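Quick notes on the structure that follows.
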Number of protein chains: 2
Amino acid sequence: MATAQHATDYDERVVNAAREVFAQQGFAAPISEIAELAGVGVASIYRRYPNKRELAEHVRIAATSRIIAEAETAREAESDPWKAFELFMHGCLREHTGIGVVLPPHADCRGFSEELLTLRDRMISRVEELVAAAQHAGGLRGDLRAADVFVLFKHLNPPLATDEPRRAELRARYLALVLPGLRDSSVPLPGAAPDWEELRRMCEGGADSEPAEERVGSG
Amino acid sequence: MATAQHATDYDERVVNAAREVFAQQGFAAPISEIAELAGVGVASIYRRYPNKRELAEHVRIAATSRIIAEAETAREAESDPWKAFELFMHGCLREHTGIGVVLPPHADCRGFSEELLTLRDRMISRVEELVAAAQHAGGLRGDLRAADVFVLFKHLNPPLATDEPRRAELRARYLALVLPGLRDSSVPLPGAAPDWEELRRMCEGGADSEPAEERVGSG
DNA sequence: CCTCACCGGAACGGATCATTCCGCTCCGGC
DNA sequence: GCCGGAGCGGAATGATCCGTTCCGGTGAGG
């Protein structure tokens, strides 16, 4: 039916716009921006999601699932562990992957659904496996940790420069700039990789996640 | 005199705090945050600067000057162009350099003083010279542009994770991760480096700069 | 022409932030 | 010990932004 088709079309545009806006600007981005990018009114978003938090959670779940799928696909498609790792990195930075949206799950886990937390853990496991395999047999430097990969994602993702084709070009450029260096272990990495808690704080500062939690003191 | 000393002390704490906060959170950071980090009241900031814009400009001028100095120092201290480039990168990411604050001059030049615009141009020139020299004789990959260096700074700077020593550790870690790759030109960089205008847009989205265009206010 | 479903955008209320105002403390002079 | 003023911290103010809700408009089906 025309009507159902129309609704589906709207759903998709809203979700896509939300993914892009959240990925690029963080979860503090205004709903109106999503509406504008989607070419709909704000009310059309609220007609589909009860509030911003639920929209954000939906987007996070979708993006996290997609990253997991990228990891599994990469492993299956490539027997060479380094190639698989490379493929995964490229896959995560492809258009519409919404990689920018998977950091906040590490960044701000307060009040998330079990589903999302489970997905988050699975995503981390998949990345750890890819890294370990590439280190064992692929020449990936041994002192790289999975958390570093997420830091790279965080930096490689949100150019936000212009339109998507150009953004993809920029992601590709900086991925190409960084990837070869990951195999050069002539100089050991100083310091320790961030743990998930620290990564959380690193992402919180950059692009705000949810408004805030309990406003404690003062009055 | 105790009084003069005290005032100087306050000035310094305010400027340092402003540099850190602006560098990590962008120029949209609230003044109250700066005040808190400096351990002073907001009024003490306004007693020294007529408004937020002038404080920001002061910080930008200081940081930009410092980057220029780092570039000149590096060139003079090292005859090997690659070493000079490396030294410059490390120098810019040292504590208190405020590298995060030099991006917005490219990011949002509206209504800046001639002084700052001149410094900005000089800073760009110095970086271009270092890059060209390192490419000519130092093994730096030939397709790296000066704008890429600023993109790297943008990503290497604002961990914001915890306290400064740890932040310095993180900056060092990711600089060490990236630097070796800059000499590996086996795979040419795809896409084009951003021009200054595009870099401006890239920074605008990430961490807000000034509120918006001309906000008349302040009556 | 009427009804129903769905839209876009204006309206509302709360939160945030730049800036100003005010009462307090500390210091030197008497 | 008491007075005047400089300088301070934080509360008060006014404007803006943003999440959410409300409402009048529009097009399809009957």
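Hydrogens, waters and symmetry mates are skipped; everything else that's a heavy atom, side chains included, is used. Values in this document were obtained by computation on a predicted structure and should not be read as measured data.
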**Q.** Whole-Å distance separating the CD1 atom of B/Ile45 from the C1' atom of C/dA18
**A.** 11 Å
Q. Within this structure, what is the CZ-to-C1' distance between B/Arg48 and D/dG7, rounded to whole angstrom?
A. 8 Å
Q | Partner set under side chain to side chain donor-acceptor pair (under 3.5 Å) for A/Thr97, not counting sequence neighbours | A | none
Q: Write out all pairs satisfying salt bridge (Lys or Arg N to Asp or Glu O under 4.0 Å) with one or both partners inside residues 15-41 of chain A, taking only residues at least two apart or from two chains.
A: A/Glu20-A/Arg167
Each nucleotide N or O in nucleotides 20-23 of chain D that has a protein N or O under 3.5 Å away: list the pair and distance.
unit_1 : atom_1 : unit_2  : atom_2 : d
D/dT20 : OP2    : A/Tyr46 : OH     : 2.5
D/dT20 : OP2    : A/Lys52 : N      : 2.9

Q. Looking at residues at least two apart in the chain, or sitting in another chain, which of them share a side chain to side chain donor-acceptor pair (under 3.5 Å) with A/Arg141?
A. A/Asp143
Q) Atom CD1 of B/Ile34 to atom C1' of C/dT16: distance rounded to whole Å? A) 15 Å
Q | Five-pair end axes of the helix from C/dC1-D/dG30 to C/dC30-D/dG1, angle between them (10°) | A | 10°
Q) With sequence neighbours excluded, what pairs up with A/Tyr46 under the ring-ring contact (aromatic ring centres under 6.0 Å, His included) test? A) none
Q: Verify the contact: side-chain N or O of A/Tyr10 to OP1 or OP2 of C/dG8, cut-off strictly under 4.0 Å; return yes or no.
A: yes
Q: Could I get the full list of side chain to side chain donor-acceptor pair (under 3.5 Å) partners for B/Arg126, not counting sequence neighbours?
A: B/Glu72, B/Glu129
**Q.** Contacts of type ring-ring contact (aromatic ring centres under 6.0 Å, His included), residue B/Phe85, not counting sequence neighbours
**A.** B/Trp82
Q. What pairs of residues pass the salt bridge (Lys or Arg N to Asp or Glu O under 4.0 Å) test when at least one of them lies in residues 87-96 of chain B, not counting sequence neighbours?
A. B/Glu70-B/Arg94
**Q.** Cationic N near anionic O, under 4.0 Å, B/Glu169 to B/Arg166
**A.** yes
Q. OP1, OP2 of D/dC8 versus side-chain N and O of B/Arg13: anything below 4.0 Å?
A. no
Q) When the distance from CD of B/Gln25 to P of C/dT16 is rounded to whole Å, what number comes out? A) 15 Å
